[in-house]
Structure formats: C-alpha cells, structure tokens
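A quick write-up on the structure given underneath.
As the structure lists them, so they are numbered: ligands from 1, and atoms in each ligand from 1.
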Amino acid sequence: MFVTELRFECYADTTITAAEQAINQLLEAWRANGQILGREFAVAFNDGEFKVRLLLPEKNSLSHKFNSAWAKQALLQLTQAKLLTPREKYIGQDINSEVSCIDTPSWQVLYTSYVHMCSPVRNGDNLLPIPLYRLPATFNGDHKRIIKWQTEWQACDELQMAAATQAEFAALTELSTVESDLFRRGWDLRGRIEFLTKIPTYYYLYRVGGNSKQDELDRVCPKCGSANWKLAEPLLDMFQFKCDHCRIVSNISWDYL
Ligand SMILES: [Zn+2]
C-alpha cells in the first residue's frame, strides 16, 4: 500500500466548516469505494490550505477512472466550498502492509481480520487483497456495504481476541456461526461479488475452540452438513475446509493447529 498527501487550496474566502464538510464528503466517498483505506483521517489546516495523508491500495487509486459517481460529485462540490481540485504528492510505500493484486484470480475469498486495513476481497490463489474499486460496484454505485461489513467483522474480531469482556462471546458467535448476522450479510455480499465478476467467491468462516483435534478434523460443513469439505492439504496454509456447494472456507480450530 502507498501513502500520499493531498493538498486542498482555498481560492476564495470560505469557512473552515464548509471546507471541512466538502473534504470529509470526498474522503467518505473514496472510502466507500475502497480507494482509500482506514477510518480516521486527520485533516490539518495551516496557512490557507488543508492537508491530509491517505493510505492507498495502489499508487493510482485516486485516478479519476476509479471514482464512483459519489466521488465525482464530491469533487465537484469542492468548488462550492471554494476549494481547488486537490493536488496529490506521493510520499512512499507503506512498509507495514500487503501489496495489492490485479491479476485475475481463479477464485476469491472474503477474508479480513482486525489487523488488516486492506480490501477484504482476496485473490484465492495467493491471498493478496484485490482493491474494491477494481470490482464492479456491488450496491448503489460503490462498495459501502462491504466496507461496513468489514468494519463490523473487525470490531468483533478485536473483542474476541482481547478476551476481556462478556462481549467476547457474542462477537465470537458472529464470526464463527452460519446463523449470525455477519455471516448472512457477508455471505450475500460474496454471492453478489461472484455474480458480478463470474469468479467463484467464498466466505471465510472463523473457527476456534472445540473439544479435540479429532472432533475438529471430523467437523462437517455447518451450512449443508457435508463431511466432504475437508481438504487433504490446507489451502494457502490456512483453509483446511472448503465447501464448493456452500462457498465457505474455514480453518481447523486455532486451538488444534
Ligand atoms: Zn456446505
């Protein structure tokens, strides 16, 4: 991933409130389309201009060709707030994050964790993140529903990894059962992505706990009950189970690796 700095210059008198609103709209639109990553953006005002540092999946993520209708509209609205089109200054490559994948995968998987800021749609051949704006818009012109699902999945993951509150158990249910809201929404999203891209797209179902390694190896697909989903060798060193019928992949319980 890449770090860039955007500079917004005022060309006439404006208020900080109007300028901030216009800039925040643009950032929200880009975030909903996967063009910028993360959730918090510090917009700094100094000497008549606003600056913000952003994390991008690719160097050219902010190219006009990737903009959603909302982002294009938000760019136009900068004018009303008396701001010029932002100028971009490339800062460098982020040393803590994965590279993005633009190859066509043979399969895809919806997979994230609380430490991953990148796209939750991964290339199934190498697990590299696929920038969301490179996929056809999933709903209403962008990928807001995927971003929202990812944010909630990560929040649950953080709660269950911290294991410090009663919320741990509710969070774990969301991540690891096919009856949960997060599963239902994520599984529908992966279906939508598969329909639009014509590439088989799977849902990653988290698994931890269990009574014994043998019980875990004998675990059946929680959606269709099939025992045939166990793989001889784990895919990508991670997915020990894969149900082609239900489009689910899962790991052997982290307690019995
Ligand atoms: Zn199944």
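Protein N, O or S atom count below 2.8 Å of the Zn ion (ligand 1): the structure gives 4.
Classification of Asp188 and Arg185 as a salt-bridged pair fails, no side-chain N sitting under 4.0 Å from a carboxylate O. A salt bridge is absent between Glu216 and Lys213; no separation between the charged side-chain nitrogens and carboxylate oxygens falls under 4.0 Å.
Counting only residues at least two apart or on different chains, no side chain to side chain donor-acceptor pair (under 3.5 Å) pair has a member in residues 167-176.
Between the side chain of Gln154 and the backbone N or O of Ser113, at least one donor-acceptor pair lies under 3.5 Å.
Hydrophobic cluster membership for Phe45: Leu6, Phe8, Ile16, Ile23, Leu26, Leu27, Trp30, Ile36, Phe41, Val43, Phe50, Val52, Leu54, Leu56, Leu62, Leu75, Leu78, Leu83 (Ile, Leu, Val, Met, Phe, Trp, Tyr linked by side-chain heavy atoms under 4.5 Å, directly or transitively).
Listed by chain and number, the residues in a ring pair (Phe, Tyr, Trp, His ring centres under 6.0 Å) with Trp70 amount to none (sequence neighbours excluded).
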